[in-house]
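Chain letters run A, B, ... following the sequence lines, proteins first, then strands; residues in each count from 1.
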Amino acid sequence: MSPAFELDGVSKTYWLWRRLKKTAVPGVRDVRLAVPRGVIFGLLGLNGAGKTTAMKLLVGIMQPDAGAVRVLGGDVRDPQVRAKIGFLPELPYVPLQMGAAELLRCYGRMSGLAGKRLESRVAAALETAGLDRGRTEPLRTFSKGMLQRVALAQVLLHEPEVIFADEPMSGLDPAGVREMRELLMRLRDAGLTVCINSHQIAEVERLCDRVGVMAGGRLVREGTVGELLALAGTRRYRLVVLAKGAQDWEIGDLEVGEDELADTLQAQRSRGARVLQILAQQGSLEEVLLTTIRQAGGPHAS
Amino acid sequence: MRPDVAVARYVLRLLFRGRLALLLGGAGVALIAGSFVLTWLTPGTERRTFFDAAFLGMEWLAILSPVLGSTILQVQEFEQRTLWLVLVRPMSRASFVRGRFLGLAGLGCGILLACGLVVAGLVAVSGGRPEPYLVPVAVAALGEIVILAAIGGLVTFATTSYLTGLLVQLGIVVLGYLSPVLPYLAGKAVVPGLKPVVWAVYWLVPHLSDFAVREFTEPPETWYLAALAGYAVLYAGAAVGVSAFVFRRRDV
């Protein structure tokens, strides 16, 4: 069975004109990724890492300079493939002069729905997103959280098999975050594949089965959450050190990586300090992200 | 439903809900009512005054509706990014381009139809005889709407800001009305290389001055109107085709 979605050597460069000079800004570079069906995949990275570019390439609103983007084994430019995709952008980019149900009907018609099927899908999508079917006022009167629900309803409208969500928790209150998390898990349990792109590492850790880390436009690490956490757990140590201070003995602590451990112990001993305890740190996805970015020479390398 | 028809309905809804359609329709009715009032100020030539003013209003609405419509769409689709949730739908970009053209042309045609009905109604109520210019003016205005809706699409897909798009469209309209003098200007060109540029502009811009049938001394014959309609369809078809090509690989 083909992967749910795949980036095969994909590169994308943005060209900007500054003072009559064309400047290349790399978006993503030679990204290779294949995500199996039926999982929640999280794309992590700092700002400008290329996550949103990758997502725009995956839903077909941006086209790669090199490589191929495949969803469910087909080219994402093929309308039949896009019929199986749902996209939730970071901000609810919906025309604010229209009503929720009216807008969903328009999107539904463009997705090939009509008649009673269209009406029943609009009603179901509004209900799943927690919106009142009777509300007809324009979207400009909705709060940000409500607009995010409208954007979510349009994702579910045509019953996609793969959902791409860019920062799906952004703008939601704590109850909304919880509802969104439960909904995404329900969709995964129903056999859908979900790809989320997020800064909220704790949320990704809690929600995702697999995670990819992007830095400088490249995919620098990919695996299950367990694999990445194991990687972090063996790499960091906390040393409790007793050392002679200016007046008296003082206790301090140091945090070092696995590769620095031997040298640090030697250095402490040679300055007369005593290492009282060596604690293996409980790894977190945040550490993996920052360590991986440091190793990849990203902006937080120091 | 075909995706291009679905897009056309979506575009029409956007423009209606954004009140552009109501604004232009209201302006059209106000212009015609104003033309009627104007007749009280010109005793003896009431009929000529009324039709001159009403037809001028219809012609301007034919120009304004696709130009303003495509500019508003450009703001919403590209600058407010509402296009993202449209382009992820299962349709080709060519279908989207065709649907957008149909929606813009539909808006102009609807407004023109409303204006035409108001004019015809006013003539009937005032007991006047049928106006021989009404049908030719309506056909010419329809042709202009079709051409400018296609140009509106092309310009908004090829430019990156609504202001640039609006200025380019207005420039094309002005050049379109000046098209008869372009060959004369090309003949006068002294700067090397300017003559082919002027000729290229002459062949590329729509010859909108040919559509100003209200200025003709006699109402145009049927063959002329058929030629205008044919020209409009061919020109719009070519512009929509180029738009689809331009938009095929554009990132949004």
Side-chain angles (χ1 to χ4, degrees), chain A residues 12-15 17 27 53 55-65 76-99 102-115 118 138-140 150-151 154-155 157-158 160 163-164 166, chain B residues 1-23 69 72-100 102-103 107 157 159-161 164 244-252:
Chain A
K12 178 73 190 177
T13 303
Y14 296 102
W15 293 97
W17 285 93
T53 302
M55 197 152 275
K56 284 163 81 176
L57 289 163
L58 280 163
V59 297
I61 56 178
M62 190 174 266
Q63 295 175 47
D65 298 330
V76 74
R77 286 172 298 182
D78 180 353
Q80 287 186 331
V81 171
R82 281 210 307 283
K84 298 169 189 168
I85 290 178
F87 175 49
L88 179 66
E90 182 181 356
L91 295 171
Y93 298 126
V94 286
L96 299 178
Q97 67 266 46
M98 289 171 88
E102 179 186 25
L103 179 64
L104 290 184
R105 276 188 208 102
C106 288
Y107 287 149
R109 285 187 205 103
M110 288 185 235
S111 300
L113 300 172
L118 173 66
L139 296 176
R140 75 170 75 89
V150 176
Q154 65 80 31
V155 175
L157 185 65
H158 56 294
I163 292 174
F164 296 97
D166 194 357
Chain B
M1 183 182 288
R2 286 171 53 103
D4 35 11
V5 178
V7 173
R9 285 181 67 168
Y10 166 73
V11 165
L12 278 172
R13 274 188 181 274
L14 276 183
L15 295 173
F16 266 94
R17 293 282 182 224
R19 301 201 181 99
L20 176 71
L22 288 176
L23 198 73
I72 286 172
L73 285 180
Q74 189 174 17
V75 171
Q76 290 219 325
E77 291 169 338
F78 291 93
E79 301 193 6
Q80 297 171 4
R81 299 178 180 177
T82 59
L83 192 55
W84 287 16
L85 294 182
V86 174
L87 289 185
V88 293
R89 306 288 146 200
M91 61 182 165
S92 66
R93 290 205 171 189
S95 287
F96 172 74
V97 170
R98 280 197 302 273
R100 201 170 176 276
L102 288 174
L107 170 77
F157 292 135
T159 55
T160 51
S161 94
T164 314
F245 180 77
V246 168
F247 195 52
R248 192 173 52 99
R249 286 198 60 84
R250 179 169 170 186
D251 296 326
V252 294

Using a strict cut-off of less than 4.0 Å between a Lys/Arg side-chain nitrogen and an Asp/Glu carboxylate oxygen, indicate whether B:D251 and A:K56 qualify as a salt bridge. no
Under a 4.5 Å heavy-atom cut-off, does chain A meet the side chain of [X], its backbone, both or neither?
| X | answer |
| --- | --- |
| B:R81 | both |
| B:R93 | side chain |
| B:Q76 | side chain |

Quick check on the interface: out of [options], who has the most heavy-atom pairs with chain B under 4.5 Å?
| options | result |
| --- | --- |
| A:R77, A:Q63, A:M62 | A:Q63 |
| A:Q97, A:M98, A:K12, A:Q154 | A:Q97 |
| A:R105, A:E102, A:H158 | A:E102 |
| A:G86, A:C106, A:G115, A:A114 | A:C106 |

- request: Just say parallel, tilted or perpendicular for the rings of A:F87 and B:W84, cut-offs at 30° and 60°.
  value: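 Because their plane-to-plane angle lies in the 30° to 60° range, the rings of A:F87 and B:W84 count as tilted.
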### Ring geometry between B:Y10 and A:Y107 (parallel below 30°, tilted from 30 to 60°, perpendicular above 60°)
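Answer is tilted, since the angle falls between 30° and 60°.
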So, the part of A:L103 with a heavy atom under 4.5 Å from chain B: the answer is side chain
Cut-off 4.5 Å, heavy atoms of chain B, and the answer for A:P64 is backbone
Over 12 non-hydrogen atoms of neighbours within 6.0 angstrom of [atom1] in [X]:
| X | atom1 | answer |
| --- | --- | --- |
| A:R109 | CZ | yes |
| A:Y93 | OH | yes |
| A:Y14 | OH | yes |

- Task: Report yes or no: does B:R9 contribute a side-chain atom to a donor-acceptor pair with the main-chain N or O of B:V5 at less than 3.5 Å?
- Result: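 Side chain of B:R9 to backbone of B:V5, a donor-acceptor pair under 3.5 Å: no, none is there.
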